[in-house]
Amino acid sequence: MARKPYDPPFSLRLSFEERARLSEQAEGMPLGAYIRSRLLDQPPRRKRLSQIDQDSLLRVLGQLGQSRIANNLNQLAKQANLGTLPVTPETEEALLDASKDIAEIRKLLIQALGLEVTP
C-alpha cells in the first residue's frame, strides 16, 4: 500500500511584537489562516459564526422569505403599471427604495452566513 507523501509543517519564528502585530491585523482570525491568506494572496475567510448566531440569522432569513413583503411590493408595482393604483412620483420612489432595501437585507443576511449571494 503506497503512502501519500508527507509535507512537514513549516514553522516561523516571530518576536513577541511581530506576533502581536499579526494577531491584531488578523482581527480574531486564526493566525495561521491569516498568514497563509496574506502569503498566498488569497482573501481571508470570515470568522465562523457561533451556532446560535448562525441559527438566528437563518431564522431571520427564513422569516424574510415567508413575510411576503417582496410579493406584496410586486403586486403593488403590477397594479401601478396597469394604472389601477394611482401612484405619485413620491410613492413610486418609496416603493423602489423599499424593494432595494429588502434586496439589500437579504444580501447581507446571506453574506453573514458565508453563503453565495445570487441575484
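Not measured: the values here are computed from a predicted model. Numbers here are sequence positions counted from 1.
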With [X], which residues qualify under side-chain contact (heavy atoms from CB on, under 4.5 Å), at least two apart?
X: Asp7; answer: none
X: Leu39; answer: Ile35
X: Leu58; answer: Gln54, Leu113

Of all residues at least two apart in sequence or in a different chain, which pass the side-chain hydrogen bond (donor to acceptor under 3.5 Å, both in side chains) check with Asn72?
none

Gln25: side-chain hydrogen bond (donor to acceptor under 3.5 Å, both in side chains) partners, not counting sequence neighbours
Tyr34

Could you tell me which non-hydrogen atom of Leu85 sits nearest to which non-hydrogen atom of Leu76, and how far apart they are?
CD2-O, 3.7 Å

What pairs of donor and acceptor atoms, side-chain ones from residues 93-105 against any protein atom, are under 3.5 angstrom apart with sequence neighbours left out?
none

Cluster question for you: counting only ILVMFWY and a side-chain heavy-atom cut-off of under 4.5 Å, with indirect links fine, are Leu82 and Val87 together?
no

Gap separating the CG atom of Leu22 from the CD atom of Glu17, nearest 0.5 angstrom:
12.0 Å

Hey, what do you get for CG (Leu31) to CZ (Arg36), rounding to the nearest 0.5 Å?
10.5 Å

What pairs meet the side-chain hydrogen bond (donor to acceptor under 3.5 Å, both in side chains) rule with one or both residues in residues 78-91, with sequence neighbours excluded?
Gln79-Thr84, Thr88-Glu90, Thr88-Thr91

